[in-house]
Amino acid sequence: MRVKKQKRHRRAVRFYTTCHGFRQPFKILCDGTFVHHLIANQIAPADTALANILGAPVKLFTTRCVHAELKRLGKSYLDSFQAARQLFTARCDHDKVKSAEACISQVIGEQNPEHFFLATQDFGMRKKFREVPAVPLIYGLRNSLHLEPPSSVQHEFVKASEEERLHATELEKKMLKNTKTILANEEAGHSCKENEGLGDQNLEMRSVKKKRNAQNMNVKDRPQFKRKRAKGPNPLSCKKRKEDRNSKPSSEKESNGDDNSLRSRAKQRKRTRKTQKLADVVNA
């Protein structure tokens, strides 16, 4: 049973968030009967219990008229009066104190612009606000809290609003008619300009064709292509020639030979005349 209850509450919260724009943290407007029910059944803390139902953080609100009503009820509702004073107070514009039901109906209004969840134990008040399209209702049953599913009036209101969004309004229809007439006039003028432009283009094309025919009278029928001639090798792709380190030029060899001969001649001793005469005397 608890799982079914949670699914039902999630479905109702999703309906109000998607169709009516409710956002977290959810604001809950409590009357005196609901506050008294929380204290009598010892449902504390109240914000966590309501957050478990809605699956999101919440803020609890009351009004000054609810405070005055609880105060008038006497000592039996003293604890509930003190508990209500600890909650946030929603602003009510009326100067004189009214009944709690009249004050809450004025704060919520016909469209509930502040996106309040209404928490009450009054069956008549719940029946009244079921006909308001964007007011989710919370009530207590002994130690448990419940969120009412959306009523048939609320479902019908959402369907009607969706159909209105799909269909065009009177202003949009007028705008469409005006745009159609403007487009038709523009197309008519554009077609006339296109016909005039086509006539001018045909004349220009004829003149161009005549000039081309006159130029092509002396030109051969077949296209002439240039013959490709053989070119030299690519110097970047060729290797450089290797020089022989051992081979030396002939001039160098000849010069070396002459040097050797000169050196050999220079080494030979030159004999003087005195030595020759001594040799002759000895031989004689």
Side-chain angles (χ1 to χ4, degrees), residues 1-2 4-6 8-13 15-16 20 22 25-92 94 97-110 112 114-154:
M1 292 296 288
R2 186 176 294 177
K4 290 181 180 179
K5 177 183 171 183
Q6 290 177 355
R8 187 170 63 252
H9 290 167
R10 288 175 187 172
R11 197 180 297 115
V13 171
F15 173 81
Y16 290 110
H20 298 287
F22 282 73
F26 297 128
K27 295 188 287 185
I28 300 172
L29 186 61
C30 305
D31 67 344
T33 58
F34 186 76
V35 174
H36 182 70
H37 177 79
L38 292 174
I39 292 169
N41 291 283
Q42 297 179 358
I43 301 172
D47 53 354
T48 56
L50 291 166
N52 292 330
I53 292 170
L54 303 178
V58 298
K59 289 183 178 181
L60 303 180
F61 289 83
T62 55
T63 61
R64 292 180 300 167
C65 299
V66 172
H67 295 167
E69 188 178 25
L70 289 171
K71 190 175 182 180
R72 285 197 301 268
L73 292 173
K75 294 182 181 179
S76 59
Y77 287 86
L78 182 60
D79 294 335
S80 58
F81 171 68
Q82 292 177 356
R85 289 183 65 184
Q86 294 177 2
L87 306 179
F88 296 100
T89 55
R91 183 178 178 182
C92 49
H94 49 269
V97 178
K98 294 183 178 180
S99 63
E101 185 177 353
C103 180
I104 288 169
S105 61
Q106 187 176 356
V107 170
I108 290 173
E110 295 180 355
N112 193 9
E114 295 293 331
H115 301 293
F116 280 117
F117 283 76
L118 179 59
T120 181
Q121 294 296 112
D122 190 356
F123 183 76
M125 192 180 292
R126 278 191 283 159
K127 187 177 179 180
K128 177 183 176 181
F129 282 100
R130 281 172 194 160
E131 297 178 358
V132 180
V135 181
L137 299 171
I138 297 171
Y139 65 97
L141 187 63
R142 295 182 181 177
N143 294 328
S144 62
L145 301 175
H146 298 272
L147 175 65
E148 285 192 3
S151 63
S152 59
V153 176
Q154 293 175 351

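Counting from 1, the numbers follow the sequence of the chain as shown.
For the pair A90 and F61, the tightest heavy-atom approach, listed with the atom from each and the gap, is N-CD2, 4.1 Å. Closest approach of P150 and F15 over heavy atoms only: CG-CD2, 3.4 Å. The two residues A84 and V35 have their closest heavy-atom pair at N-CG1, 4.3 Å.
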Side chains of residues 41-57: which donor-acceptor partners sit under 3.5 Å, not counting sequence neighbours?
| unit_1 | atom_1 | unit_2 | atom_2 | d |
| --- | --- | --- | --- | --- |
| N41 | ND2 | H37 | O | 3.0 |
| N41 | ND2 | H37 | ND1 | 3.0 |
| N41 | ND2 | H37 | NE2 | 3.4 |
| T48 | OG1 | P45 | O | 2.8 |
| N52 | ND2 | T48 | O | 3.1 |

Residues 125-133, side-chain donor-acceptor partners within the protein, below 3.5 Å, at least two apart:
| unit_1 | atom_1 | unit_2 | atom_2 | d |
| --- | --- | --- | --- | --- |
| R126 | NH1 | E148 | OE2 | 3.2 |
| R130 | NE | E148 | OE1 | 3.1 |
| R130 | NH2 | E148 | OE2 | 3.0 |

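In this view, H67 and T62 satisfy the side chain to side chain donor-acceptor pair (under 3.5 Å) rule, not counting sequence neighbours. Taking R85 as the reference, nothing meets the side chain to side chain donor-acceptor pair (under 3.5 Å) condition, with sequence neighbours excluded. Among residues two or more places apart in sequence or in another chain, the side chain to side chain donor-acceptor pair (under 3.5 Å) test is passed with Y139 by none. For R11, there are no side chain to side chain donor-acceptor pair (under 3.5 Å) partners at least two apart in sequence or on another chain.
We find the CG-CG distance between L29 and L87 to be 10.0 Å, quoted to the nearest 0.5 Å. For the atom pair K75 NZ and F81 CZ, the distance stands at 15.0 Å (nearest 0.5 Å). Here CG of L60 is found 12.0 Å from CZ of F117. Values are rounded to the nearest 0.5 Å. Here the CZ-NE2 distance, from R64 to H94, works out to 6.5 Å after rounding to the nearest 0.5 Å. The structure places NE2 of H36 at 14.5 Å from SG of C30, a figure rounded to the nearest 0.5 Å. Atom OH of Y16 is separated from atom NE2 of H115 by 13.0 Å, given to the nearest 0.5 angstrom.
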Under the criterion side chain to side chain contact (heavy atoms under 4.5 Å, CB included), I'd like the reasoning laid out for H9 against Q6: C-alpha separation, chi angles, the key distance, then a yes or no. CA-CA 5 Å; H9 290 167; Q6 290 177 355; 5.7 Å; no

Could you go through the side chain to side chain contact (heavy atoms under 4.5 Å, CB included) check for C103 and E69 one step at a time? CA-CA 11 Å; C103 180; E69 188 178 25; over 6 Å; no

May I have the step-by-step check of side chain to side chain contact (heavy atoms under 4.5 Å, CB included) for Q106 and T63, ending in yes or no? CA-CA 11 Å; Q106 187 176 356; T63 61; over 6 Å; no

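The closest side-chain donor-acceptor pair between T120 and D122, if any, does not fall under 3.5 angstrom.
Between the side chain of K27 and the backbone N or O of E114, at least one donor-acceptor pair lies under 3.5 Å. No side-chain donor-acceptor contact under 3.5 Å links N112 to the backbone of V135.
The shortest side-chain heavy-atom distance between F22 and P136 falls under the 4.5 Å cut-off. Counting heavy atoms from C-beta on, the side chains of K98 and C92 never come closer than 4.5 Å.
For the side chain to side chain contact (heavy atoms under 4.5 Å, CB included) with S80, the lone residue among V66, L70, L73 that qualifies is L70.
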